[in-house]
Amino acid sequence: MVDLFLNRVLVENNWDQDELNTEREILGILENRIIALFFASAQCDKCQEFLPVLNEFFKRLKDPMYIEYPKLLALIYVSLDQSEEQQERVLKELHKKVLFLAFEDPYRNELQAMFKVKDVPTVVVLRPDGSVLSPNAVQDICRFGADCFRDWQESAELIERTFMFNEEFENLNMRTVSDPVKRLKYKTEDDKRKKRWWKVWGKAKEGIEEEEEKDGSWDTKRKEGGTWWKR
């Protein structure tokens, strides 16, 4: 997946529009992530309607105000605009963490042909290995919002231990990166306690059975006229 953008220049949609053009920078922001390529145009009415939906979707997965741990997702705007001014209009509506290709970059058209994009808006979703997970996820994003990322994550077999929205996060104890190790430790500790409990319970049970056997023998002596009450 990262190979698609190696030796290319990606631009961050922040105030300074920082360029990411080194292999290290590209790997750092795209490696082991699900990548969504957003093809759109400012002249498209459907694109304008979809923009706030896409923004909400992206914020729910990446913005610290909504989620404790940003998801392994990168959103790249591939402009099909006719002018740089039109592209800027779309970028102003998109989240600042969105990436994009410069208007003068011909790679925009190559990507459109590569993924056979004919209609806009289109969101092509790619697995970390570069294979297509969804040729157009616009309807899924509109219907399911951020929840559809769970399905992408499972389909891509992307390992992530902290998939949790802030609303869910508030109802649970704080978690840390070391929690998987802690949970394993606690599970081991629980197993040890259970084993100790069963061991004690087993000994107690054996003692009860021995008492019952003695009681049975005393009952037999009583029936036979023995001195069962003298112990």
For residues [X] and [Y]: do they belong to one hydrophobic cluster (side chain heavy atoms under 4.5 Å, members Ile, Leu, Val, Met, Phe, Trp, Tyr)?
X    : Y    : value
F144 : V53  : no
F103 : L37  : no
M114 : V117 : yes

Can any side-chain N or O of [X] pair as donor or acceptor with the backbone N or O of [Y] at less than 3.5 Å?
X    : Y    : answer
Y107 : L4   : yes
N136 : V123 : yes
Q153 : F149 : no
R127 : V132 : yes

Which heavy atom in [X] sits nearest to a heavy atom in [Y], and how many Å separate them?
X    : Y    : value
K46  : P121 : CB-CD, 3.8 Å
Q87  : R108 : OE1-CD, 4.3 Å
C44  : C47  : SG-SG, 3.0 Å
R60  : A146 : CB-CB, 3.8 Å
V124 : P135 : CG2-O, 3.4 Å

Out of F57, Y66, F58, which residue meets the ring-ring contact (aromatic ring centres under 6.0 Å, His included) rule with H95? F58

Flag yes if more than 12 heavy atoms outside E23 fall under 6.0 Å of its CD atom; otherwise flag no.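 Open: at most 12 neighbouring heavy atoms sit under 6.0 Å from CD of E23.
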
Would you say that more than 12 heavy atoms from the other residues, nucleotides or ligands in this model lie under 6.0 Å from the CD of Q17, or not?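 More than 12 within 6.0 Å, yes.
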
Heavy atoms, side chains only, cut-off 4.5 Å: are L99 and L30 in contact?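 Result yes, sub-4.5 Å side-chain heavy-atom pair found.
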
Taking the side chain as C-beta and beyond, is there a heavy-atom pair between L126 and F115 under 4.5 Å?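 Side chain of L126 against side chain of F115, heavy atoms only: contact under 4.5 Å found.
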
Which class fits the ring pair F38 and Y77: parallel under 30°, tilted 30 to 60°, perpendicular over 60°?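 F38 and Y77: tilted rings.
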
Got a second to check how far [X]'s [atom1] is from [Y]'s [atom2], nearest 0.5 Å?
X    : Y    : atom1 : atom2 : answer
F5   : I26  : CZ    : CD1   : 8.5 Å
K116 : T122 : NZ    : OG1   : 14.0 Å
S41  : Q82  : OG    : CD    : 6.5 Å
F100 : N13  : CZ    : CG    : 5.5 Å
I35  : L133 : CD1   : CG    : 12.0 Å
L61  : L72  : CG    : CG    : 10.5 Å

Show the numbers, then the answer: is there a side-chain contact (heavy atoms from CB on, under 4.5 Å) between L101 and L10? CA-CA 5 Å; L101 291 163; L10 287 174; 3.8 Å; yes

K59: salt bridge (charged side-chain N to carboxylate O under 4.0 Å, His left out) partners, not counting sequence neighbours: E56

Check salt bridge (charged side-chain N to carboxylate O under 4.0 Å, His left out) between E31 and all other residues, then give those that pass, not counting sequence neighbours. none

Among V90, L54, L75, L91, find the residue that satisfies the side-chain contact (heavy atoms from CB on, under 4.5 Å) test when tested with V98. L75

Is there a side-chain contact (heavy atoms from CB on, under 4.5 Å) between I29 and E12 once you walk through the steps? CA-CA 11 Å; I29 204 164; E12 293 182 310; 4.1 Å; yes

